[in-house]
Visitor: 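My questions all concern the structure below.
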Amino acid sequence: MKTNNNARQSGKQPQSAANKMAQKVVGKIAKLGSGSQKPAGKTSGNQKPQTKAANEKKNVKKTNKKAAEAKKPSKTTKTTKTTKAATKTTKTKAAKSPKTKEAKPALPIRIVPLGGLNEIGKNLTVFEYGADAVILDCGMAFPDEDMPGVDIVIPDITYLHKIAEKLRGIVLTHGHEDHIGAIPYVLKEFPLPVYGTRLTLGILKNKLKEHGLEDKAKLNTISAGDRIKLGAFTAEFIHTNHSIADAAAIALHTPIGVILHTGDFKIDSTPIDSDMIDLARFGELGREGVLALLSDSTNADRPGITYSEKKIGRTFDSLFEKADGNKQRIIVATFASNVHRVQQIIDAAVKYGRKVAVSGRSMENVIQAAIELKYMHVPDKTLIALDEIDRYPKDQLVVITTGSQGESMAALTRMAFTSHKMINVEPDDLVIISASPIPGNEKSVANVVNELLKHGAEVVYEKQADVHVSGHACQEELKMILSLVKPRFFIPVHGEYRHLCKHRELAMETGIARKNIFVLDIGHVLEITPTSAKVVGTVPAGKVLVDGLGVGDVGNIVLRDRKHLAEDGIIIIVMTIDRDTGECVAGPDIISRGFVYVRESEDMMEEVRLCAEDVIDRCLSGRTLDWTTLKTRVKNEVGNRLYIKTKRNPMILPIIMEV
């Protein structure tokens, strides 16, 4: 049985290798900087030092010259007047000349995270300087289990309305949903230009098309190494490695210093695209001076280093070879945006002569964009439509699908629960889940695995084989970046509170003082000057729930009612009252949903009806014609009766109709 990634990442060998790599990079950068500097106090090659005799000779000449000038006759009166007039004119001009303006003190930079702290996903950070502001990333998060019916969660952007005139654009680090998922909702309110790399914008275009914003959005493609001017900010894109191609760190050059944001990253020395993270540029910025560093904290609690994506290719090759011998159909679930992972699956399929079908809308969109932008290379006639799989033997097929996180509507989940229109999981299928569960999704993934096994499929996931590596840096890589950049101030980002605190400990190990490290929460406002940093207040921040086409119309009260209905059901009591006489002319009728099975609980329903009727008669006989009071009394008394009998609290909804 193979050991898992966490166990091997804690070994000493990767740590020493990481330290050696950091030392080499620092050494090379130091050499680059030292070559152009001249020693202080040295003269250039053409200058000669003056002797003491030469200095004395000069002093004698100056003395003789002064004596000669003293012996000259005085100037004429006319000359004197002219001199006085000139002096007067000079004084007048001097009086009229404007006074020299004193240099204004430098303004502070304000860093305002509206998402991505103390949570996974929903990344959005605002940077402000004077009259300018820039948004970095604009992501979404998946709903928790206590958010029934909610589709996605986006950041609360109330604060953006307050600084709308300052906003200069949105800068993106990469194309994952937790960094670009909320952009359509933001662009509907703020028509800002968006800047990102080719694949990032290629994926974003598909999202904007779904929202009808494809032609309205101002998308600007930027390459690694490019700089863009956004008011007082100059954003520099720096190439990094992540679980998606075209990821970038962002260096914001400002009048008072550089703010460096790593984005999501890892240090992959053998990346699929052969383009390693630009550590040299990180080191150059560190040598020049970085005012503040914001760094990815997702894996801050995992020791060692993160393994290369190429390691997965070798695992796929061995699994495909085994499946080929067993005549198995292969189904692989992974993140749609992991272009490099999908490329390795396709490479293995081609090697073993299999056709590839794709299931899941997001997977289809990403693969299409990656092929068009030449981030993926797929031989002709390799991809087939999903409705063509019945034309090929099962041992010649690979299905790449979404659903690695156990999402209820994802393709793999529908296959597992036999609700997929095209594919049913069959005995002897090989199902590979090439992902690790995001915190909170463990139970959902386990349910899917259980259902797949019930169908007789062979299921391989992270705990059984090396079918997944993280896209985030572990401890040794995080310390390497901290050592290269040497920031004055440090802000750990992108993670839960435990991740942020652990990252703070790592920063202190590299020599950063605790007072210069800020573990923030969403809505905090951090002001930074060249010499100081402090939290100066808070702004509105939180979660906005998206349900269907409704954005923000589902709040805590609606969620509470949904959970109440899901847990205890509902009892509806309908009655008709004569407006003139105040008599109950019909009802009360009892309707139950999700509380008890009515056919087997007719006695209880009759008891509820009689209880409601008694309350109504007492209220009407006492001339209580206020319908709100009547509803409240019916609700309370029926609720108490049901709790005594069942120890349950269904939602009780009285309805009064007037005739």
Side-chain angles (χ1 to χ4, degrees), residues 6 9-27 29-30 108-109 111 113 116-120 123 125 240 249 251-252 257-267 277 279 282-306 470 472-522 524-536:
N6 291 347
Q9 287 171 348
S10 62
K12 293 182 179 179
Q13 184 64 27
Q15 293 186 26
S16 60
N19 291 334
K20 286 179 181 178
M21 186 187 295
Q23 291 171 2
K24 286 181 181 179
V25 173
V26 173
I29 293 166
I109 293 173
I111 300 177
L117 299 182
N118 299 312
E119 60 187 355
I120 301 296
N123 299 290
T125 308
T240 60
L252 293 174
V258 175
I259 308 295
L260 178 59
H261 195 298
T262 65
D264 289 354
F265 81 99
K266 71 176 183 179
I267 298 175
I277 181 175
L279 289 176
F282 279 89
E284 288 172 4
L285 289 170
R287 180 171 57 82
E288 295 165 4
V290 171
L291 183 59
L293 171 67
L294 292 82
S295 183
D296 176 18
S297 306
T298 307
N299 277 353
D301 57 351
R302 295 177 65 176
I305 62 174
T306 303
S470 176
H472 300 270
C474 289
Q475 290 180 358
E476 295 306 310
E477 298 157 276
L478 296 175
K479 287 193 285 187
M480 183 185 294
I481 293 297
L482 286 161
S483 298
L484 285 172
V485 174
K486 300 181 181 67
R488 180 182 292 274
F489 303 107
F490 175 60
I491 304 101
V493 294
H494 298 180
E496 298 174 0
Y497 190 71
R498 58 191 172 94
H499 299 127
L500 306 183
C501 290
K502 189 63 182 178
H503 206 170
R504 175 174 59 191
E505 293 177 17
L506 298 177
M508 292 169 64
E509 288 179 24
T510 65
I512 300 177
R514 186 186 178 97
K515 66 179 182 179
N516 291 338
I517 304 172
F518 295 87
V519 176
L520 304 176
D521 198 357
I522 59 172
H524 283 180
V525 179
L526 179 67
E527 280 196 355
I528 298 180
T529 70
T531 58
S532 65
K534 61 180 178 179
V535 177
V536 296

Visitor: What residues, two or more places apart in sequence or in another chain, satisfy side chain to side chain contact (heavy atoms under 4.5 Å, CB included) together with S532?
Guide: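 T529.
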Visitor: What's the spacing between I109 CD1 and L291 CG if we round to 0.5 Å?
Guide: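 With rounding to 0.5 Å, CD1 (I109) is 5.5 Å from CG (L291).
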Visitor: Looking at A249 and T240, what are the two nearest heavy atoms and their distance?
Guide: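 Taking every non-hydrogen atom into account, N-CG2, 3.6 Å.
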Visitor: To the nearest 0.5 angstrom, please state how far the NZ atom of K515 sits from the CZ atom of F489.
Guide: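 One finds 9.0 Å between NZ of K515 and CZ of F489.
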Visitor: Could you pull out the closest heavy-atom pair between P487 and L482, with the gap in Å?
Guide: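 Answer, listing the atom of P487 first, then L482: CD-O, 3.9 Å.
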Visitor: Kindly list each side-chain donor-acceptor pair under 3.5 angstrom involving residues 503-511, sequence neighbours excluded, with atom names and distances?
Guide:
unit_1	atom_1	unit_2	atom_2	d
H503	ND1	S297	OG	2.8
E505	OE1	K502	NZ	3.2
E509	OE1	K479	NZ	3.3
T510	OG1	A507	O	2.7

Visitor: Verify, without hydrogens or angle tests, whether E477 (side chain) and K266 (backbone) share a donor-acceptor contact under 3.5 angstrom.
Guide: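 Flag not set: sc E477 to bb K266 has no pair under 3.5 Å.
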Visitor: With T298, which residues qualify under side chain to side chain contact (heavy atoms under 4.5 Å, CB included), at least two apart?
Guide: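 Result, side chain to side chain contact (heavy atoms under 4.5 Å, CB included) vs T298: D296, H472, H494.
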Visitor: Restricting to side chain to side chain donor-acceptor pair (under 3.5 Å), what partner residues turn up for N516, sequence neighbours left out?
Guide: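 Here no residue qualifies.
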Visitor: Closest approach of N118 and L520, non-hydrogen atoms and distance?
Guide: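 So the minimum-distance heavy-atom pair works out to ND2-O, 3.6 Å.
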Visitor: For P492 and V519, which heavy atoms make the closest approach, and how far apart are they?
Guide: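 That would be CG-CG2, 4.1 Å.
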Visitor: Of I481, L294, L293, which meets side chain to side chain contact (heavy atoms under 4.5 Å, CB included) against L260?
Guide: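 Result for side chain to side chain contact (heavy atoms under 4.5 Å, CB included) with L260: L293.
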Visitor: What distance do R302 atom CZ and L478 atom CG have between them, rounded to the nearest 0.5 Å?
Guide: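 Atom-to-atom, R302:CZ and L478:CG are 11.5 Å apart.
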Visitor: SG of C474 to CD1 of I267: how many Å apart, nearest 0.5 Å?
Guide: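 Answer for the SG-CD1 pair, C474 versus I267, is 10.5 Å.
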Visitor: Using side chain to side chain contact (heavy atoms under 4.5 Å, CB included), reason through H524 and L117 one step at a time and then give a plain yes or no.
Guide: CA-CA 10 Å; H524 283 180; L117 299 182; over 6 Å; no
Visitor: Is any side-chain heavy atom of F490 less than 4.5 Å from a side-chain heavy atom of V485?
Guide: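 With C-beta onward as the side chain, the pair stays apart.
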Visitor: First locate atom CG of N299, then atom OG1 of T306, and finally report the distance between them rounded to the nearest 0.5 Å.
Guide: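 Atom-to-atom, N299:CG and T306:OG1 are 5.5 Å apart.
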Visitor: Listed by chain and number, what are the side chain to side chain contact (heavy atoms under 4.5 Å, CB included) partners of E119, not counting sequence neighbours?
Guide: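 Only K122, I522, K543 meet the side chain to side chain contact (heavy atoms under 4.5 Å, CB included) criterion with E119.
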Visitor: Under a 3.5 Å distance rule, please check whether Q475 uses its side chain to pair with a backbone N or O of G304 as donor and acceptor.
Guide: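 Between the backbone of G304 and the side chain of Q475 there is no qualifying donor-acceptor contact (under 3.5 Å).
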Visitor: With rounding to the nearest 0.5 angstrom, report the CZ to OG1 distance, F282 to T262.
Guide: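 It comes to 6.5 Å.
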Visitor: Side chains of V290 and K486: does their closest heavy-atom pair fall under 4.5 Å?
Guide: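 Result no, sub-4.5 Å side-chain heavy-atom pair not found.
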Visitor: Could you check T125 against V493 for side chain to side chain contact (heavy atoms under 4.5 Å, CB included), going step by step and ending with a plain yes or no?
Guide: CA-CA 10 Å; T125 308; V493 294; 5.8 Å; no
Visitor: Begin with the C-alpha distance, continue with both residues' side-chain angles, and end with the deciding distance and a verdict on side chain to side chain contact (heavy atoms under 4.5 Å, CB included) for D521 and Y497.
Guide: CA-CA 9 Å; D521 198 357; Y497 190 71; over 6 Å; no
Visitor: If you look at every heavy atom in A251 and V258, which pair is closest and at what distance?
Guide: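 Looks like CB-CG1, 4.2 Å.
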Visitor: What is the minimum heavy-atom distance between A292 and I528, and which atoms define it?
Guide: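 In this case the closest contact between A292 and I528 is CB-CD1, 3.8 Å.
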